[in-house]
Amino acid sequence: MLFAMPLSGFAVRRDWPDGTHEFFGLTGSLRRVLRRLGRDKRSWRQGPVRPTSRIVVWLSATTFQRHQRGCRDLGCVGGLLVRRGVEVGR
């Protein structure tokens with residue numbers, strides 16, 4: 001079965017302690033991206049280096065595909081903020 005990427009949708013933005021960020025999980029379903037957000041929080045909970053924050057954003061598939069992993073651009077909002085993620089505790 002083939003899956004088509006939506007033209008735009010929800011994704012999780014993950015911010016790192018070194019000031020970089022990345023996006024993952026582009027989907028047209030808010031419910032699905034919130035499940036991915038929860039799984040991501042659980043999977044990084046025990047890691048030695050953890051994301052500093054996660055937020056759900058709305059962005060185009062083009063932006064999602066062209067965005068470079070490890071982006072440090074302070075002007076890169078990456079899309080429209082949908083819901084603030086809970087900051088990861090140490």
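Please read these numbers as outputs of a predicted model, since none were measured by experiment.
Judged by distance alone, with hydrogens and angles left aside, the side-chain atoms of R50 form no donor-acceptor pair with the main-chain N or O of Q46 at under 3.5 Å.
Here CG of L37 is found 9.5 Å from CZ of R42. Values are rounded to the nearest 0.5 Å.
Counting all heavy atoms, side chain and backbone alike, R72 lies closest to T20 at CG-CG2, 3.5 Å. Heavy atoms only, all atoms of each residue included: W16 and H21 are closest at CD1-CA, 4.4 Å. Here the shortest heavy-atom pairing between S8 and W58 reads OG-CZ2, 3.2 Å. In plain terms, the two heavy atoms of L59 and L26 that are nearest each other are O-CD1, 4.1 Å.
Applying the side-chain hydrogen bond (donor to acceptor under 3.5 Å, both in side chains) rule to S29 yields no partners; only residues at least two apart in sequence or on another chain are considered.
Here salt bridge (Lys or Arg N to Asp or Glu O under 4.0 Å) pairs that include residues 22-34, with residues two or more places apart or in two chains, are R14-E22, E22-R69.
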Report the C-alpha separation of D18 and V49 in whole Å, then their side-chain angles, then the decisive distance to 0.1 Å, and conclude whether the side-chain contact (heavy atoms from CB on, under 4.5 Å) test is met. CA-CA 10 Å; D18 67 356; V49 177; over 6 Å; no

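The aromatic rings of F23 and H67 sit perpendicular to each other, their planes meeting at more than 60°, with 30° as the lower class boundary.
D15 and T52 are not linked by any side-chain donor-acceptor pair at a separation below 3.5 angstrom, with hydrogens and angles left out of the test.
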